[in-house]
Amino acid sequence: MAETNVTNYMVRISNCLQTILELEPELERLELGHSLLDEFVVLKSFLEKIDRVEVSEEDVRRIEQATANFLEELKGPLAGLDAEESGGRRLQ
């Protein structure tokens with residue numbers, strides 16, 4: 001049972017990190033994105049070593065919440081960027 005939990009934790013954490021890493025092309029388009037991209041190197045490195053990290057359910061929940069918060073914070077800047085690139089026009 002414990003090994004199943006650990007595997008489940010690793011999958012959940014990997015999903016969070018992959019979700020963030022998939023935003024890399026979008027972040028490259030943002031002014032503040034370049035400073036965040038430096039952190040992507042750290043995330044990629046961590047993702048490669050994740051199977052050697054010991055975590056608990058509480059750790060995983062914090063990572064999931066931090067990922068959700070990060071994604072929420074990016075909604076505004078990314079939406080603004082999309083609006084700029086489409087010339088302020090929106091399809092309805």
Side-chain angles (χ1 to χ4, degrees):
M1 177 78 173
E3 189 168 321
T4 301
N5 284 342
V6 170
T7 301
N8 185 28
Y9 295 162
M10 295 303 115
V11 168
R12 288 167 59 193
I13 293 171
S14 292
N15 286 339
C16 289
L17 296 177
Q18 287 293 348
T19 298
I20 293 170
L21 291 172
E22 287 172 6
L23 292 172
E24 190 170 10
E26 300 293 324
L27 292 175
E28 287 175 347
R29 298 170 29 210
L30 291 175
E31 283 183 39
L32 66 104
H34 294 289
S35 60
L36 292 173
L37 290 174
D38 293 339
E39 300 301 322
F40 275 52
V41 174
V42 175
L43 282 179
K44 289 174 185 176
S45 175
F46 181 74
L47 191 55
E48 291 171 4
K49 301 173 189 168
I50 197 165
D51 59 332
R52 295 175 272 185
V53 177
E54 210 171 299
V55 295
S56 68
E57 176 69 27
E58 184 179 327
D59 295 329
V60 175
R61 285 186 185 162
R62 277 198 315 269
I63 291 168
E64 289 172 334
Q65 186 59 55
T67 301
N69 292 344
F70 179 67
L71 296 174
E72 187 64 32
E73 291 291 324
L74 286 177
K75 277 185 181 179
L78 290 177
L81 187 61
D82 288 341
E84 281 179 24
E85 289 180 354
S86 66
R89 292 175 286 157
R90 294 171 62 183
L91 296 176
Q92 295 184 9

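By convention here, the first residue in the shown sequence is residue 1. Note that the structure is a prediction, hence the values are computed from the model and not measured.
Contact check for Asn8 versus Val60: no side-chain heavy atoms found under the 4.5 Å cut-off.
Here CZ of Arg62 is found 13.0 Å from SG of Cys16. Values are rounded to the nearest 0.5 Å. Once rounded to the nearest 0.5 Å, the distance linking CD1 of Ile63 with CD of Glu58 reads 11.0 Å. Distance CG/Leu27 to CZ/Phe40: 4.5 Å, rounded to 0.5 Å. Separation of atoms OG1 (Thr67) and CG (Leu17) is listed at 6.5 Å; rounding is to 0.5 Å. Note that CG of Leu43 is 10.0 Å distant from CD of Gln18, once rounded to the nearest 0.5 Å. To the nearest 0.5 Å, the span separating CG on Asp59 from CZ on Arg12 amounts to 10.5 Å.
Looking only at atom types and distance, the side chain of Gln65 has a donor-acceptor partner in the side chain of Asn69 under 3.5 Å away.
Shown here for Glu48 and Arg52, the closest heavy-atom pair between the two residues is O-NH2, 3.9 Å. Here the closest heavy-atom approach between residue Pro77 and residue Glu73 is recorded as CD-O, 3.2 Å. Closest approach of Phe46 and Ile13 over heavy atoms only: CE2-CG2, 4.2 Å.
Salt bridge present: Glu57 and Arg61 bring a charged side-chain N and a carboxylate O closer than 4.0 Å.
Judged by distance alone, the side chain of Ser14 and the main-chain N or O of Met10 form a donor-acceptor pair under 3.5 Å.
Hydrophobic cluster membership differs between Leu47 and Val11, with clusters built from Ile, Leu, Val, Met, Phe, Trp and Tyr side chains linked at under 4.5 angstrom.
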side-chain contact (heavy atoms from CB on, under 4.5 Å) between Ile50 and Val55: does it pass, once the steps are laid out? CA-CA 10 Å; Ile50 197 165; Val55 295; over 6 Å; no
